[in-house]
Amino acid sequence: LTAGLNGNVGTLRLNGALRLNSGGRLLCKLSLAGNDRFTVKGAITHNGDTLLIRIPENRTLAAGNELTVFNSGFTSATGEPVVKCEASGKYYEFDLSTLNTDGKIRVTKVGDNADVNRDGSVDVADIAYVIEVMAGNDAGDTSTYAIADVNKDGTVDVADIASIISRMAELARLANS
């Protein structure tokens with residue numbers, strides 16, 4: 001489900017319940033001015049569905065920012081979706097604790113996509129992380145694999161290491177300018 005058409009943000013209104021099951025996806029696109037919203041006049045049930053947050057290159061969120069996904073008016077909400085985020089060059093983590101009560105999610109962490117070990121810096125430890133995943137030491141963990149896929153081409157390989165090295169060089173240039 002998505003609210004806006006042709007890449008624009010908008011509001012999708014549902015007169016009744018919304019049941020989202022495994023394999024289902026709710027797409028919430030952001031723009032400079034706002035984000036998709038869903039108005040549900042009934043109960044919302046999450047059951048292994050995915051809430052995909054799509055953030056355009058020209059929009060940046062900061063820790064503490066809130067996004068309204070569901071407008072007020074739903075009668076109840078249960079379950080929790082899996083949250084995925086598409087954002088160029090950045091990763092975001094979200095707190096979903098108020099999604100089922102007031103329809104909002106809050107940004108808890110923002111970082112550089114090349115910081116694959118999520119320690120706050122892009123360095124050789126991130127390269128080592130990617131090498132470990134390439135060697136199969138991620139125990140088939142799909143979230144670890146997705147994080148190590150820095151360039152988001154669907155494969156963890158030397159191109160991801162090159163992306164980290166390129167980002168390290170870019171950050172060094174910025175620090176020295």
Determine all donor-acceptor pairs shorter than 3.5 Å in which one atom belongs to a side chain in residues 100-112; sequence neighbours excluded.
| from | atom 1 | to | atom 2 | distance (Å) |
| --- | --- | --- | --- | --- |
| N100 | ND2 | G79 | O | 2.7 |
| T101 | OG1 | T98 | O | 3.2 |
| D102 | OD1 | T98 | OG1 | 3.2 |
| D102 | OD1 | K104 | N | 3.1 |
| R106 | NH2 | D95 | OD2 | 2.9 |
| T108 | OG1 | E93 | O | 3.2 |
| K109 | NZ | R118 | O | 3.3 |
| D112 | OD1 | A114 | N | 2.8 |
| D112 | OD2 | R167 | NE | 2.4 |
| D112 | OD2 | R167 | NH2 | 2.7 |

Worksheet item: Which atom names give the shortest non-hydrogen contact between V69 and L26, and what distance separates them?
Response: CG1-CD2, 4.4 Å
Fill in: Within one Ile-Leu-Val-Met-Phe-Trp-Tyr cluster: I127 and Y91, side-chain cutoff 4.5 Å
no
Practice prompt. Working to the nearest 0.5 Å, report the span between CD1 of I164 and CG of L171.
Written response: 11.5 Å
Item to complete: Would you kindly confirm whether I147 and V82 end up in one hydrophobic cluster when ILVMFWY residues are joined by side chain heavy atoms under 4.5 Å apart?
Response: no
Practice prompt. Look up atom OH in Y129 and atom CG in N117, then write down how far apart they are to the nearest 0.5 Å.
Written response: 7.5 Å
Worksheet item: L30 and V9: side chain to side chain contact (heavy atoms under 4.5 Å, CB included), yes or no, with the steps?
Response: CA-CA 7 Å; L30 279 67; V9 299; 5.6 Å; no
Practice prompt. Can you label the angle between the F94 ring and the Y92 ring as parallel, tilted or perpendicular, going by 30° and 60°?
Written response: parallel
Pair up each side-chain donor or acceptor in residues 12-21 with any protein partner under 3.5 Å, not counting sequence neighbours, and list the distances.
| from | atom 1 | to | atom 2 | distance (Å) |
| --- | --- | --- | --- | --- |
| N21 | OD1 | N47 | ND2 | 3.3 |

Fill in: Check: T45 main-chain N/O paired with T78 side-chain donor or acceptor under 3.5 Å
no
Worksheet item: Do L99 and L61 belong together in a cluster built from hydrophobic side chains that touch within less than 4.5 Å?
Response: yes
Response to the item:
dist I55:CD1 -> N35:CG (nearest 0.5 Å) comes out at 9.5 Å
Worksheet item: Who passes salt bridge (Lys or Arg N to Asp or Glu O under 4.0 Å) against D36, sequence neighbours left out?
Response: K29
Worksheet entry | Minimum heavy-atom distance L32-R59, with the two atoms named | CA-CD, 4.0 Å
Worksheet entry | Straight-line distance of N113 CG to D160 CG, nearest 0.5 Å | 9.5 Å
Worksheet item: Can you name the closest pair of heavy atoms from D149 and T155 and give their distance?
Response: OD1-O, 3.1 Å
Discussion item. Assigning hydrophobic clusters by single linkage (Ile, Leu, Val, Met, Phe, Trp, Tyr; side-chain heavy-atom cutoff under 4.5 Å), is L52 placed with Y145?
Written reply: no
Discussion item. Counting only heavy atoms from other residues, nucleotides and ligands, does the tally under 6.0 Å from NZ of K152 exceed 12?
Written reply: yes
Discussion item. Minimum heavy-atom separation for S163 and V150, please, with both atom names.
Written reply: CB-CG1, 3.8 Å
Item to complete: In sequence, state the C-alpha distance, the side-chain angles, and the governing distance for L51 and I53, and then conclude on side chain to side chain contact (heavy atoms under 4.5 Å, CB included).
Response: CA-CA 6 Å; L51 173 58; I53 308 297; 3.9 Å; yes
Discussion item. Could you report the tightest heavy-atom contact between A3 and R37, atom names first, then the distance?
Written reply: CB-O, 3.6 Å
Worksheet item: Going by atom types alone, do S121 and D123 pair a side-chain donor with an acceptor below 3.5 Å?
Response: yes
Worksheet item: Any sub-3.5 Å donor-acceptor pair from N176's side-chain atoms to R173's backbone N or O?
Response: no
Discussion item. Main chain of D119, side chain of D115: is a donor-acceptor contact present, judged purely on distance under 3.5 Å?
Written reply: yes
Worksheet entry | Nearest atoms (heavy-atom pairs only) where F38 meets L27 | CZ-O, 3.4 Å
